[in-house]
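Below, all heavy atoms of this structure are taken into account, side chains as well, without hydrogens, waters or symmetry copies.
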Amino acid sequence: MTVLQKKSDNPIAHLSEADIEAIGRELDAIRQSVVDSRGEDDAAYIRRVIDVQRKLELASRAVLLFSKFPPAWVLGTAGLSVAKILENMEIGHNILHGQWDWMRDPKIHSTTWEWDMASPAEQWKHSHNVLHHTYTNVIGKDNDLGYGIMRVDEDQKWVPLYLAQPVWNFVNACFFEYGIAAYDLELGKNLATKERRADPGFRARGKQVLKKIGKQMTKDYVVHPALSGPSFLPTLAANFTANVVRNLWSHSVIMCGHFPEGVQTFEKKSIDGETRGEWYLRQMLGSANISGSKAMHIMTGNLSHQVEHHLFPDLPSNRYAEIAPQIRDLFARYGLRYHTASLPRQVGSAWHKVLRLSLPNGWLAETTPANAPAQVAKLYKMTTGGPKVRRQLQGAAWNQGSQAA
């Protein structure tokens, strides 16, 4: 049975095993209807997006040849930023999911595509397609949940190191492609011991990543600036800016899909003997959507339909909007929350959660302008006083909360 991380309010308590399996059958039917209707219109869509992206990138780089002139720098940088976002989100991410493999086009296939990112495609496919989409939001199994550097649930023990969580989350956002590459390598775990560092497989993967990073940096920070001649430095700055914009955008979209308040996390035992219906239910509860225009959906790689993507990661992304009403109706009929909101609201919610979980449980909710000095003093004691002091102060806070309730 799907087991939520220890929550006082269980949003699936009203569902029977028969309900969950019925949900699974309905979702299987929705998926099959899309599989059966894939065709030339879908193929034309992805080819059109690739064509637009490549022309936009080429035109932007041509404009940046004259980037020493501020209007050209602004126009070229904006165009290159959009081109990189399109390549990363709607094209690369979705092709590498195998969404277009059914076309049997060797140029648009998950086994041959290499994207404009620091992480090699093969390594990303393993960490994302295999691990993340299998263990979605399972604490200790899904490293996409906080990327192994953040506290993502109240039941995870708080330690003072987490106070810096908002800072390193922002740094990770700015250089997200390199964070993903490190995550794909499981860098923290593999550098922890001499044996792991010496592992031939890890060393080979590390060399692949360094080779890919070198290729990407040579393209963006040597070749294209050099082609700009007297505009070398402005073009280099434009490429760096476009990469940071792409990183911030993709990080924000992914945060919105996985981390807003109300998105559920699960215990490790939730996947023991998990049925198809229970797997589907975990995707439904562990994802959030972003509402917006068609252009916004394309720019997010249709990950604005994160619920639909988690349910059907290998269906063409342009079909998610079509099936979203059916999915939303399914949520309503079974009394489940279809988590969706605008981009600003989801970004704000996700960052609020990052901040809230960087602090001891309940600290942010307890703090008011009137008691702020006392709360800061308590936080200082918890930060400097050691595990015993933290347990005592946090225990006292929980007891006060229970009495008030």
- prompt: Run the side-chain contact (heavy atoms from CB on, under 4.5 Å) check on E122 and R205 step by step: do they pass?
  reply: CA-CA 10 Å; E122 283 302 316; R205 293 192 301 275; over 6 Å; no
Would you say [X] and [Y] make side-chain contact, with heavy atoms under 4.5 Å?
| X | Y | value |
| --- | --- | --- |
| E308 | N289 | yes |
| M117 | F176 | no |
| E90 | N302 | yes |
| Q99 | H309 | yes |
| Q216 | D116 | yes |
| P225 | L233 | no |
| L285 | F266 | yes |
| V35 | F312 | no |

Tell me whether [X] at atom [atom1] has more than 12 heavy atoms from other residues, nucleotides or ligands lying less than 6.0 Å away.
| X | atom1 | result |
| --- | --- | --- |
| D28 | CG | yes |
| F66 | CZ | no |
| K157 | NZ | no |
| R337 | CZ | yes |
| Y162 | OH | yes |

Between the side chain of [X] and the main-chain N/O of [Y], is any donor-acceptor distance below 3.5 Å?
| X | Y | answer |
| --- | --- | --- |
| S349 | R345 | no |
| N190 | E186 | yes |
| T112 | K107 | no |
| E114 | A121 | yes |
| H109 | R104 | no |
| N137 | Q264 | yes |
| D184 | A181 | no |
| N247 | C174 | yes |
| R151 | V159 | no |
| Q123 | P120 | no |

[X] to [Y] - nearest heavy-atom pair and separation:
| X | Y | result |
| --- | --- | --- |
| V138 | K268 | CG1-CA, 3.7 Å |
| P360 | L379 | CD-CD1, 3.6 Å |
| Y320 | L315 | OH-O, 3.3 Å |
| V263 | A288 | CG2-CB, 3.8 Å |
| K125 | S110 | NZ-O, 2.5 Å |
| G273 | E278 | O-OE1, 3.9 Å |

Ion pair present between [X] and [Y], side-chain N to carboxylate O less than 4.0 angstrom?
| X | Y | answer |
| --- | --- | --- |
| R31 | D314 | yes |
| R61 | D220 | yes |
| E87 | R246 | no |
| E154 | R356 | yes |
| D51 | R47 | no |
| E57 | R54 | no |
| E26 | R333 | yes |

When you check the side-chain N and O atoms of [X] and [Y], is any donor under 3.5 Å from an acceptor?
| X | Y | value |
| --- | --- | --- |
| D36 | S33 | no |
| Y221 | N243 | yes |
| D19 | H14 | no |
| N88 | H93 | no |
| T136 | Q283 | yes |

Report task. Kindly indicate, with the supporting measurements, whether the criterion side-chain hydrogen bond (donor to acceptor under 3.5 Å, both in side chains) is fulfilled by T340 and S291. Result -> CA-CA 6 Å; T340 186; S291 58; 4.7 Å; no
Quick one: sort the F175 and F240 rings into parallel, tilted or perpendicular, breaks at 30° and 60°.
tilted
- So W124 and H128, would you call those rings parallel, tilted or perpendicular, with 30° and 60° as cut-offs? parallel
Exercise for review: For M103 and I108, run side-chain contact (heavy atoms from CB on, under 4.5 Å): C-alpha distance rounded to whole Å, both residues' side-chain angles, the deciding distance at 0.1 Å, then the answer.
Suggested key: CA-CA 8 Å; M103 293 165 52; I108 309 175; 4.2 Å; yes
Which value, rounded to the nearest 0.5 Å, describes the distance between [X] atom [atom1] and [Y] atom [atom2]?
| X | Y | atom1 | atom2 | result |
| --- | --- | --- | --- | --- |
| S293 | I298 | OG | CD1 | 8.5 Å |
| T383 | K381 | OG1 | NZ | 12.0 Å |
| I46 | S317 | CD1 | OG | 6.0 Å |
| Y178 | I213 | OH | CD1 | 6.5 Å |
| I290 | L303 | CD1 | CG | 8.0 Å |
| L281 | L311 | CG | CG | 10.0 Å |

Determine whether L357 and D153 satisfy the following criterion, side-chain contact (heavy atoms from CB on, under 4.5 Å), listing intermediate values before the conclusion.
CA-CA 7 Å; L357 292 173; D153 190 270; 5.6 Å; no
Tested for side-chain contact (heavy atoms from CB on, under 4.5 Å) against S60, the lone hit among L58, L56, V63 is L56
Report task. Would you sort out whether H352 and L364 count as a side-chain contact (heavy atoms from CB on, under 4.5 Å), showing the intermediate values? Result -> CA-CA 10 Å; H352 177 270; L364 196 61; 4.0 Å; yes
